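I have placed the structure first, in the form of structure tokens, so that the comments after it can refer back to it.
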2 protein chains.
Amino acid sequence: MARLPVAERRRRLLAAAFTVISRVGVAGATTRAIVDEAGMKLASFHYAFASREELLAELVGDVIGRTEVVLAVPPRDGESLGQLLERGLLRYLDTVREAPERERAMFELTQYSMRTPGLEGLAARQYEGYRALAAASLTKAAERTGCAWQRPLDELAAHLVALTDGLALAWLADADDTRAHRTAAFAARALAAESRPLTVPPRPLGEPPRPLADPSRSLTEPSRPLAPTPAPPTRPGEPA
Amino acid sequence: MARLPVAERRRRLLAAAFTVISRVGVAGATTRAIVDEAGMKLASFHYAFASREELLAELVGDVIGRTEVVLAVPPRDGESLGQLLERGLLRYLDTVREAPERERAMFELTQYSMRTPGLEGLAARQYEGYRALAAASLTKAAERTGCAWQRPLDELAAHLVALTDGLALAWLADADDTRAHRTAAFAARALAAESRPLTVPPRPLGEPPRPLADPSRSLTEPSRPLAPTPAPPTRPGEPA
DNA sequence: CGGCGAGTGGGTCAGATGACCCAGTCGCGC
DNA sequence: GCGCGACTGGGTCATCTGACCCACTCGCCG
């Protein structure tokens, strides 16, 4: 083994650890398996890291940055926001299908950090990172299709993260492409419903410019009655 | 230790195993930790189960049935489908908040079965079970609020499962109640948007009874053009 | 009511694993 | 060009873990 600066060695060990975890899970990522993957000797491990725990903690932190924006897809002409979102989600799904182990490894690392004393915060930060990525994607998608979001961006980002998580988890469990595609379409629909076109379509004459009661407010929380609202007629929960 | 029939011993060991897994994860669920939790001796373990693997396999299978319908909530008068769904989701969220370890254990067991040769099928069956529960909840919710679903039930059930998974995962990561509540509201909205009231509201005069192009079809897949559709105007992905 | 076998208890064993030690070696700075 | 110290290699050690063994006990059946 060539002589490497510690920093580089740490980097390689981290990469090897992720590979091993992808293949056999966190439990199977023993120090020996990791150095084996990296083509090193066991002593080098403890030269670079004080302990296996330290490596895993670093890895969890690292992984946050390693996540790329896979949702971003080149927009097409005349494409609606919903369509763009759906293609983005399908693209994400493709990356999951291509490398399911990678995705599994991510989930497992999150779980590891949630369960390990001292690392709980990292799981939260990881999700913070996901939301930031989601927010960026949502912003770009909206401006590319001439739309505006009707809710705070970070809120919608949280929803998108939940949707992608659910989507990935379900696919990992049963590998059902058809079902996953349908759920992706549903997710796109659901998110697009939280937007409005920026170019306000001409309002039909006579219709007052009512600010159409925020359709995305909680459906159960008692909304401060701006005007006393009588018991609403039996209707599905869709916005007025 | 009292003398127990094997069946009972197995049951107790399974319960103890789940408890241990909730506390310390699958990796920490060693045979010793399990028998300790159950108040038995190690030998009893191998008397009841051939191996730790056999117990875990059985546990994964068991867990499928153990899941209850927590989404079901008593309906209130004049409540919309969306409101009912949101309350159901919030109730689910409450169970997660009350026993996060339980939920974590479930996720971990799923992951274990996905990763263990011979148990992959169990993960799929587990999700099948989840979908069945979701479908039952959705049916009940719709009929209680006088609504009908506009998409096949099992499809919507898959969406609901994805949403609850994403919701739970996010909450487990950051324990942010506010965010989780908002996502629950979003999920309820999104699902309710896939329904329609059964009592058809009187159609405005002059508006033909057009079957308003299925709003829930995929937004990207080329829909067989019933009528040649020119490039759609730039609009958000929301249904016409 | 006596024996037999299902069930129990305590111990053992081999292998895996995290940690870490120490004698070397070899590249870099002087 | 050379010495020093950052790095490497090949061990060792204590501990944990799954598996399993065998002598014993005690409730039930005949």
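Naming convention: chains lettered A, B, ... in sequence-line order (proteins, then strands); numbering from 1 in each chain. Computed from a predicted structure; not experimentally measured.
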Give the intermediate values and the outcome of side-chain contact (heavy atoms from CB on, under 4.5 Å) for residues A/L169 and B/Y127. CA-CA 10 Å; A/L169 227 43; B/Y127 268 73; 3.6 Å; yes
Over 60° means perpendicular and under 30° means parallel, so classify the ring planes of B/F45 and B/F49, tilted if in between.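 The arrangement is tilted - the two ring planes meet at 30° to 60°.
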Hey, which of A/L160, A/L163, A/L138 is the one that makes side-chain contact (heavy atoms from CB on, under 4.5 Å) with A/L85?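 By the side-chain contact (heavy atoms from CB on, under 4.5 Å) criterion, A/L85 pairs with just one of A/L160, A/L163, A/L138: A/L138.
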Stepwise, does the side-chain hydrogen bond (donor to acceptor under 3.5 Å, both in side chains) test hold for A/Q126 with A/Y130? CA-CA 6 Å; A/Q126 198 176 338; A/Y130 290 160; 2.9 Å; yes
Winner on side-chain proximity to A/K41, out of D/dA6, D/dG9, C/dG9, is D/dG9
Name the one of A/R32, A/R12, A/R23 that satisfies side-chain hydrogen bond (donor to acceptor under 3.5 Å, both in side chains) with A/E37?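 The single option meeting the side-chain hydrogen bond (donor to acceptor under 3.5 Å, both in side chains) with A/E37 is A/R23.
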Using whole Å, what does the distance between atom [atom2] of nucleotide [N] and atom [atom1] of [X] come to?
X	N	atom1	atom2	value
A/R10	D/dA6	CZ	P	17 Å
B/Y47	C/dG9	OH	P	13 Å
B/M40	C/dA6	CE	P	19 Å

Using only atom types and a distance under 3.5 Å, with no angle test, would you say the side chain of B/Q83 pairs donor to acceptor with the backbone of B/E79?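 Not confirmed, B/Q83 side chain does not pair with B/E79 backbone.
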Could you run through nucleotides 17-26 of chain C and give me one letter per nucleotide, 5' to 3': B if any protein heavy atom sits under 4.0 Å from the base, S if only the sugar-phosphate is that close, - if neither? BBBBB---BB
